[in-house]
Amino acid sequence: MSLASPLPPPDFEITSAYPEVAWLRQAVAAWDWAGVRQHLAGLPQGSDTSQVFGTVAGTEGVERALRDLVAAAPDDVFALTLLGAREIAIGWEIRTAARAESVTREQFATFHAHLRTAEQLLIRATALDPSYVPAWAERLNTARGLGLGQNEARRRYDRLAKSHPHHFTAQTRLLQQLCPKWGGSWEAAHSFARDRMLGAPDGSLSAGLVAEAHLEHWLDLDAGEDGTRTCGSPTSTRNWSRPQDGRCSIRSSGAIPAGSPSRAVSPPCSP
């Protein structure tokens, strides 16, 4: 009989690992944009700030305050990007993460309308400041959702990478674009993941792209009658069930400081 104590249940609350997210949520709820801006400015140089924008974008009703912010300062790239990210989030909430065949025509129409609004905001942001990485990162989402194609998505990633060559969130977004479900190929997806891993500095999350590419490839395999897929060699196999939401990614939360081995975010990825 084991004397070991039972393990506690897993804790998936973001703030348990990253207490700063609790403060960020409070700042957003209070429309404290100066505080959010100061928080961004205080992050280490080279940080992946996508989760900061994601926290704002995921706040229900925040678009009203953000529209006022943009109206008051139409050339503020920070405000333009926040509102663009929120428009993208609203669009994806309407579309859902379901496969395309399960999304209605009305859902697609509203989804695309929000993404076109976001695209205009983000185009303005990147025109005002071509080196503003958060806006380019969001434009990878609009490229995918609006079906702008592989070449345009790659152009946007390359433009971002000039300023931040190891931006993990941007890498995960382009990896999704390179999957066959978004018009790419498995050769392109695996090649991109491998190249980013080999070119990454010590402590980078980019090696996780290789695992993510293999998981996406596995999810695309034909399932057996019981809904499982078989992985491994003919002499060593293991069955796994598909996640109900159809998504797979290397996931965590909080801004990702340069060289951090433990933080990342990913958007919905079903086509």
Side-chain angles (χ1 to χ4, degrees), residues 4-62 78 81-82 85-86 88-89 92-93 97 133-134 137-138 140-141 160 164-176 193 196-197 200-216 219 240-241 243-270:
S5 301
L7 293 174
D11 182 359
F12 296 110
E13 172 53 46
I14 294 172
T15 56
S16 296
Y18 308 112
E20 66 272 20
V21 175
W23 175 88
L24 184 60
R25 287 173 173 172
Q26 293 173 357
V28 173
W31 310 152
D32 180 9
W33 308 121
V36 175
R37 196 190 301 263
Q38 186 175 8
H39 174 73
L40 280 170
L43 294 173
Q45 185 175 5
S47 294
D48 178 346
T49 61
S50 296
Q51 183 57 26
V52 176
F53 287 85
T55 298
V56 176
T59 303
E60 186 175 356
V62 74
F78 167 75
T81 304
L82 286 178
R86 176 56 186 159
I88 292 169
W92 276 107
E93 288 168 6
V133 168
E138 295 301 331
L140 286 168
N141 281 336
L160 178 152
H164 197 319
H166 307 294
H167 192 283
F168 183 71
T169 300
Q171 291 173 345
T172 63
R173 290 174 181 175
L174 184 60
L175 178 61
Q176 283 298 313
R196 298 291 81 72
M197 175 189 70
D202 291 345
S204 171
L205 286 166
S206 295
L209 296 168
V210 174
E212 186 169 333
H214 280 287
L215 284 168
E216 286 288 351
L219 287 171
W240 305 82
S241 297
Q244 291 184 355
D245 64 359
R247 297 181 290 176
C248 65
S249 57
I250 310 302
R251 301 174 72 89
S252 183
S253 296
I256 309 171
S260 168
S262 62
R263 301 185 183 184
V265 293
S266 290
C269 55
S270 296

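Fair warning: this is a prediction, and the values are worked out from it, not measured in the lab.
- Counting only heavy atoms from C-beta outward, the side chains of Ile14 and Arg25 approach each other to under 4.5 Å.
- Counting only heavy atoms from C-beta outward, the side chains of Trp23 and His39 approach each other to under 4.5 Å.
- In this structure, the separation between CG on Leu24 and CG on Leu40 is 8.0 Å, given to the nearest 0.5 Å.
- A donor atom on one side chain and an acceptor atom on the other are found under 3.5 Å apart for Gln171 and Ser206.
- Interatomic distance, CD of Gln176 versus CG of Leu140, reported as 12.0 Å (0.5 Å rounding).
- Applying the salt bridge (charged side-chain N to carboxylate O under 4.0 Å, His left out) criterion to Arg196, with sequence neighbours excluded, gives no partner residue.
- The side-chain contact (heavy atoms from CB on, under 4.5 Å) test applied to Pro201 returns His166, Ser204, not counting sequence neighbours.
- What you find for Val36 and Ala27 is that their closest heavy atoms are CG2-CB, 4.1 Å.
- The distance from atom CZ of Phe168 to atom CG of Leu175, rounded to the nearest 0.5 Å, is 9.0 Å.
- For the atom pair CG of Leu205 and CD of Glu212, the computed distance is 11.0 Å after rounding to the nearest 0.5 Å.
- Judged by distance alone, with hydrogens and angles left aside, the side-chain atoms of Ser16 form no donor-acceptor pair with the main-chain N or O of Phe12 at under 3.5 Å.
- Within 6.0 Å of atom CD in Glu93, more than 12 heavy atoms from other residues, nucleotides or ligands are found, so the atom counts as buried in its surroundings.
- Heavy-atom minimum distance, Thr169 versus Thr172: O-OG1, 2.7 Å.
- Of all heavy-atom pairs between Val56 and Val62, the closest is O-CG1, 3.4 Å.
- Taking the side-chain contact (heavy atoms from CB on, under 4.5 Å) definition, one finds that Arg37 meets it with Asp76, Phe78, sequence neighbours left out.
- Judged as a side-chain contact (heavy atoms from CB on, under 4.5 Å), and not counting sequence neighbours, the contacts of Ala85 are Ala57, Glu138.
- In terms of the salt bridge (charged side-chain N to carboxylate O under 4.0 Å, His left out) criterion, Glu60 has no residue partners (sequence neighbours excluded).
- Every residue two or more places apart in sequence or in another chain that forms a side-chain contact (heavy atoms from CB on, under 4.5 Å) with Ala137 is listed here: Ser50, Leu160, His167, Arg173.
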